[in-house]
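A short worksheet on the structure shown next.
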Amino acid sequence: MKQILVIAEIFAGQIRPITWELAAAARKIKNSPPLKQLPPAIHIIVPADNPTTLSEKIAKQTGIDVIGLQIPELKTYTSEIYIYCLEQLTKKMNPSHILIAHTSQGQDFAPGLALGLDAASIPGVNGIRSDENGLIYSRPAFNNTRNMIVRPTSNRPVVLTLMPGIFKQDGRKGGKPGQVDIRKISFAPAACGKERIQHRRTMRKVCENQALKEAKVIVAAGRGIKGKEDLKAVFNFAQYFPAAAIGASRPLVDMNWIGYQQQIGMTGATVAPKLYIACGISGSSQHLAGMKDAEFVVAINKNPEAPIFRHSDICITADVLEFIQAFLEASG
Ligand SMILES: Cc1cc2nc3c(=O)[nH]c(=O)nc-3n(C[C@H](O)[C@H](O)[C@H](O)COP(=O)(O)OP(=O)(O)OC[C@H]3O[C@@H](n4cnc5c(N)ncnc54)[C@H](O)[C@@H]3O)c2cc1C
């Protein structure tokens, strides 16, 4: 029987929440019309030096069978240990799909695993659907200005990395837990001629965005504002909303217009304010990953086709600086 394999995202001994999204995506693939006739089994693989407790938790939360991949050498993550051990396990399992988080860890080992399995590799998946010829995947392209639609062309396994925040987390509570099976694989660098990387240490990034995380109102600026000096208009605008915090999309941080602590998104803060005002932000999947839980979203964008409008409660098609100026004038 074919298998859909989910690689749980484990970091510092903890299960990352994207694991629940991967489980939901696996169910979606399993129940898709092309696979319904002969549905594959789903297994979640939990790589860890001591995976029992983590595996039991995942089996309970998802109801899916779990393989705890015990790797004694896996004190800290390295791509070589992951690729070697996951390859040993998965090549015996007849996988149709291997689902991995599109995080810095997932992006690091997924291509190597796909290569080892001679699988198709589709990174950054933000949509899964099907037609009469099988499953189709979408992924962002050209700096997020396009969505590329791709389809695997053979019966080889497909290694997918899934964007965080796209697939609704598996909300299963209670019910029968999945079964847990612990399998041990040792990383043997001498035998495989690898170990080219040694983990030295992981440093926590200085993160001062607590105020942003707790804010009830966030006014966020994007590349639609044309220069660093235009941020002042956004700050003035934000003053009209009690206790509003300022956020930003990543390009503004990359250009040093604003500090990293204000960045919202996949590689920045995850926020859930009551009101989110996006000023000149396109709505890339990476940005949405950080603000998708906002209760009410207002977007100002001069492009009526901007993706952010699909996630907004109020869509204002306007030049952002002209809009802010008109708002400030009207508000006295
Ligand atoms: C691994 C990875 C991680 C990432 N993490 C993050 C992250 O955490 N957070 C994040 O934000 N991004 C992240 N990105 C970047 C992300 O892919 C996008 O490039 C980014 O979100 C785009 O920012 P933006 O919407 O401000 O800019 P753009 O995509 O350039 O959009 C600008 C928008 O402004 C509009 N506009 C232009 N002029 C005006 C005007 N005068 N008035 C009104 N509207 C106007 C345009 O129509 C457009 O919609 C990440 C990318 C990668 C690859």
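Residue numbers count from 1 along this sequence. We count ligands from 1, going down the list as the structure has it; atoms in each ligand are counted the same way.
Counting only non-hydrogen atoms, the option in S104, G224, G222 that gets closest to atom 45 (C) of ligand 1 is G224. Of the options P307, S282, A289, the smallest heavy-atom separation from atom 25 (O) of ligand 1 is shown by S282. The nearest non-hydrogen atom to atom 26 (O) of ligand 1, considering only G290, S249, G283, comes from S249. With distances taken over non-hydrogen atoms, the option nearest atom 43 (C) of ligand 1 out of Q107, E305, R223, K302 is K302. Here the shortest heavy-atom distance to atom 15 (C) of ligand 1, taken over R250, M266, Q263, belongs to R250.
Note that OG of S312 and CG of N301 are 9.0 Å apart. Values are rounded to the nearest 0.5 Å.
At a 4.0 Å heavy-atom cut-off, ligand 1 does not touch A248 at all. Looking at L252 against ligand 1, nothing comes within 4.0 Å, counting heavy atoms.
For ligand 1, none of its N or O atoms has an N or O atom of A306 under 3.5 Å away.
Aromatic ring centroids of F296 and Y276 lie 6.0 Å or more apart. Aromatic rings of F327 and F237 (six-membered ring for Trp) have centroids within the 6.0 Å cut-off, being under it.
Atom numbering of ligand 1 starts at 1 in the shown order; those under 4.0 Å from a heavy atom of N303 are 47 (O). Applying the 4.0 Å criterion to heavy atoms of A318 picks out, from ligand 1, the atoms 42 (N), 43 (C). Atoms of ligand 1 found under 4.0 Å from any heavy atom of K226 (numbered from 1 in listed order, with element): 37 (C), 38 (N), 39 (C). Of all atoms in ligand 1, numbered sequentially from 1 with element shown, those under 4.0 Å from a heavy atom of I264 are 7 (C), 8 (O), 9 (N), 10 (C), 11 (O). Distances below 4.0 Å separate heavy atoms of G268 from the following atoms of ligand 1: 8 (O). Listed by atom number, the atoms of ligand 1 under 4.0 Å from T267 heavy atoms are 3 (C), 4 (C), 5 (N), 6 (C), 7 (C), 8 (O). Close approach of ligand 1 to G265 is summarised as follows: ligand atoms under 4.0 Å from at least one heavy atom of the residue are 7 (C), 8 (O), 9 (N).
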Next item on the list: Output, in order, the C-alpha distance, side-chain angles, deciding distance and verdict of ring-ring contact (aromatic ring centres under 6.0 Å, His included) for Y82 and Y77.
Entry: CA-CA 7 Å; Y82 257 52; Y77 165 86; 4.7 Å; yes
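Using a 4.5 Å heavy-atom threshold, the side chains of I264 and I218 count as touching.
Not a single heavy atom of E322 lies less than 4.0 angstrom from ligand 1. Using 4.0 Å as the threshold, S285 has no heavy atom nearer than that to any atom of ligand 1.
Salt bridge K232/D230: absent, no basic N to carboxylate O contact under 4.0 Å. Looking at K75 and D49, a side-chain N of the basic residue comes within less than 4.0 Å of a carboxylate O on the acidic one, giving a salt bridge.
Across I128 and Y137, no two heavy atoms sit closer than the pair CG1-CD2, 3.9 Å.
Side-chain contact of N126 with S285: a donor-acceptor pair under 3.5 Å is absent, judged by distance alone. Side-chain contact check for T103 and E9: at least one donor-acceptor pair (N or O, by modelled atom type) lies under 3.5 Å.
Within the structure, the salt bridge (charged side-chain N to carboxylate O under 4.0 Å, His left out) test picks out the following pairs touching residues 280-300 (sequence neighbours left out): K274-E295.
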